[in-house]
Amino acid sequence: MIANGKLYTKDRLSKWGIQIDRECVLCRQASETIQHLYFEFSYAAELWGNLLAWQGIKRPVYRWAEELACVEKWLKRKNATTKLYKMTLVACVYYVWQERNTRCFQAKVRRWEILGKMIIQEIHCRSNKNMEKALSRLDLYSM
């Protein structure tokens with residue numbers, strides 16, 4: 001949904017004529033758009049930047065459109081490192097969206113470091129035998 005711009009962000013809902021406060025619940029400083037949520041503001045950018053570093057990827061955090069272009073390049077490869085990258089990105093997107101919804105509907109807040117640890121733990125739990133080598137070089141508790 002997110003790659004196709006179908007995520008029900010506040011800006012998208014307001015385009016449909018739904019009266020809603022367009023303010024991002026994560027930062028309270030900008031309109032909530034896909035571009036903003038992934039990875040323009042510091043919460044998601046810090047989380048994704050640290051997850052990139054955890055994987056040994058040394059590059060800056062791109063904006064969402066550029067991240068998608070980067071993913072397309074990664075999809076051409078078929079190895080454990082690629083699978084790890086894809087799993088990490090999907091988990092990051094899911095957990096940021098989950099955090100957004102938790103703040104909207106339950107008024108609970110978690111720091112990005114907590115989400116990072118949860119993502120790393122989930123990746124270790126969900127990985128398969130083919131990914132053991134790629135994961136063995138990564139620290140489970142590095143965030």
Side-chain angles (χ1 to χ4, degrees), residues 1-16 18 20 22-143:
M1 285 180 67
I2 190 170
N4 293 317
K6 304 289 184 194
L7 205 59
Y8 296 121
T9 55
K10 290 181 177 184
D11 74 315
R12 189 161 188 248
L13 294 173
S14 68
K15 287 178 186 175
W16 292 349
I18 297 171
I20 191 168
R22 294 180 63 180
E23 183 179 72
C24 173
V25 298
L26 296 170
C27 73
R28 303 269 183 221
Q29 297 177 4
S31 292
E32 182 186 273
T33 66
I34 290 174
Q35 188 72 22
H36 174 72
L37 284 174
Y38 308 101
F39 298 102
E40 277 186 1
F41 78 108
S42 62
Y43 187 93
E46 288 287 332
L47 175 61
W48 182 236
N50 278 276
L51 289 170
L52 285 172
W54 172 71
Q55 295 173 82
I57 299 171
K58 293 173 177 56
R59 67 165 176 81
V61 173
Y62 302 137
R63 293 174 46 134
W64 180 245
E66 290 82 16
E67 286 292 345
L68 280 181
C70 190
V71 168
E72 288 179 21
K73 292 177 187 175
W74 277 87
L75 290 176
K76 295 175 184 173
R77 304 176 194 158
K78 303 288 184 202
N79 59 38
T81 304
T82 301
K83 185 165 178 119
L84 175 64
Y85 176 81
K86 291 187 292 186
M87 283 178 71
T88 306
L89 179 61
V90 168
C92 183
V93 166
Y94 173 77
Y95 275 89
V96 168
W97 186 251
Q98 186 181 52
E99 179 67 17
R100 175 243 185 232
N101 286 342
T102 301
R103 290 184 188 195
C104 278
F105 303 116
Q106 298 175 13
K108 294 180 182 175
V109 176
R110 295 177 293 192
R111 294 186 341 264
W112 67 263
E113 295 92 343
I114 301 297
L115 266 59
K117 289 178 182 185
M118 292 168 64
I119 290 168
I120 290 170
Q121 183 178 18
E122 185 169 328
I123 288 170
H124 275 274
C125 290
R126 290 181 179 259
S127 64
N128 60 29
K129 191 152 181 80
N130 297 339
M131 295 178 61
E132 281 180 12
K133 186 177 179 183
L135 282 172
S136 67
R137 64 181 171 76
L138 305 175
D139 183 3
L140 179 58
Y141 301 104
S142 66
M143 292 203 68

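The basis for the numbers below is simple: all heavy atoms, side chains too, and nothing from hydrogens, waters or symmetry mates.
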Undergrad: Is any side-chain heavy atom of W48 less than 4.5 Å from a side-chain heavy atom of V96?
TA: no
Undergrad: Which atom pair, heavy atoms only, marks the closest approach of M87 to R126?
TA: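 Shortest heavy-atom separation between M87 and R126 comes out as CE-CB, 3.9 Å.
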Undergrad: Taking only residues two or more places apart in sequence, or in another chain, which ones meet V90 in a side chain to side chain contact (heavy atoms under 4.5 Å, CB included)?
TA: none
Undergrad: Are any of the side-chain heavy atoms of I123 and W54 separated by less than 4.5 Å?
TA: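 Yes. Closest side-chain heavy atoms under 4.5 Å.
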Undergrad: About how many Å separate NZ of K86 and OG1 of T81, when rounded to the nearest 0.5 Å?
TA: 11.5 Å
Undergrad: If you round to the nearest 0.5 Å, how far is CZ of R103 from CZ of R28?
TA: 8.5 Å
Undergrad: Per the salt bridge (charged side-chain N to carboxylate O under 4.0 Å, His left out) rule, what does the pair list look like for residues 76-85, sequence neighbours excluded?
TA: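 Non-adjacent pairs meeting salt bridge (charged side-chain N to carboxylate O under 4.0 Å, His left out): zero.
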Undergrad: Quick one: are T102 and V109 in side-chain contact, heavy atoms under 4.5 Å?
TA: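 With C-beta onward as the side chain, the pair stays apart.
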Undergrad: Nearest heavy-atom pair of R110 and L115: which atoms, and what distance?
TA: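 Answer, listing the atom of R110 first, then L115: NE-CD1, 3.6 Å.
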Undergrad: Does the side chain of F39 come within less than 4.5 Å of Y62's, by heavy atoms?
TA: no
Undergrad: Specify the closest pair of heavy atoms between I119 and A91, including all atoms of both residues, with the distance to one decimal.
TA: CG2-CB, 3.7 Å
Undergrad: What about the rings of Y43 and W112, do their centers lie closer together than 6.0 Å?
TA: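 No; W112 has its ring centre 6.0 Å or more from that of Y43.
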Undergrad: Taking salt bridge (charged side-chain N to carboxylate O under 4.0 Å, His left out) as the cut-off, I'd like each qualifying pair that reaches into residues 60-69, sequence neighbours left out, listed once.
TA: E40-R63, R59-E67
Undergrad: Contact between V71 and Y85 at the side-chain level, heavy atoms closer than 4.5 Å - yes or no?
TA: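 They are in side-chain contact.
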Undergrad: How many angstroms lie between atom CD1 of I114 and atom CG of L47, to the nearest 0.5 angstrom?
TA: 11.5 Å
Undergrad: Please name all residues satisfying side chain to side chain contact (heavy atoms under 4.5 Å, CB included) with K73, sequence neighbours left out, ordered by chain then number.
TA: none
Undergrad: Could you tell me which non-hydrogen atom of P60 sits nearest to which non-hydrogen atom of L52, and how far apart they are?
TA: O-CD1, 4.3 Å
Undergrad: Please lay out, stage by stage, how T88 and I120 fare under the test side chain to side chain contact (heavy atoms under 4.5 Å, CB included).
TA: CA-CA 8 Å; T88 306; I120 290 170; over 6 Å; no
Undergrad: Got a sec, which residues hit ring pair (Phe, Tyr, Trp, His ring centres under 6.0 Å) with F41, two or more places apart in sequence or on another chain?
TA: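 Partners of F41 by the ring pair (Phe, Tyr, Trp, His ring centres under 6.0 Å) criterion, ordered by chain and then number, come out as H36.
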Undergrad: Going by the rule side chain to side chain contact (heavy atoms under 4.5 Å, CB included), which residues pair with Q29 if we only count those two or more places apart in sequence or in a different chain?
TA: C27
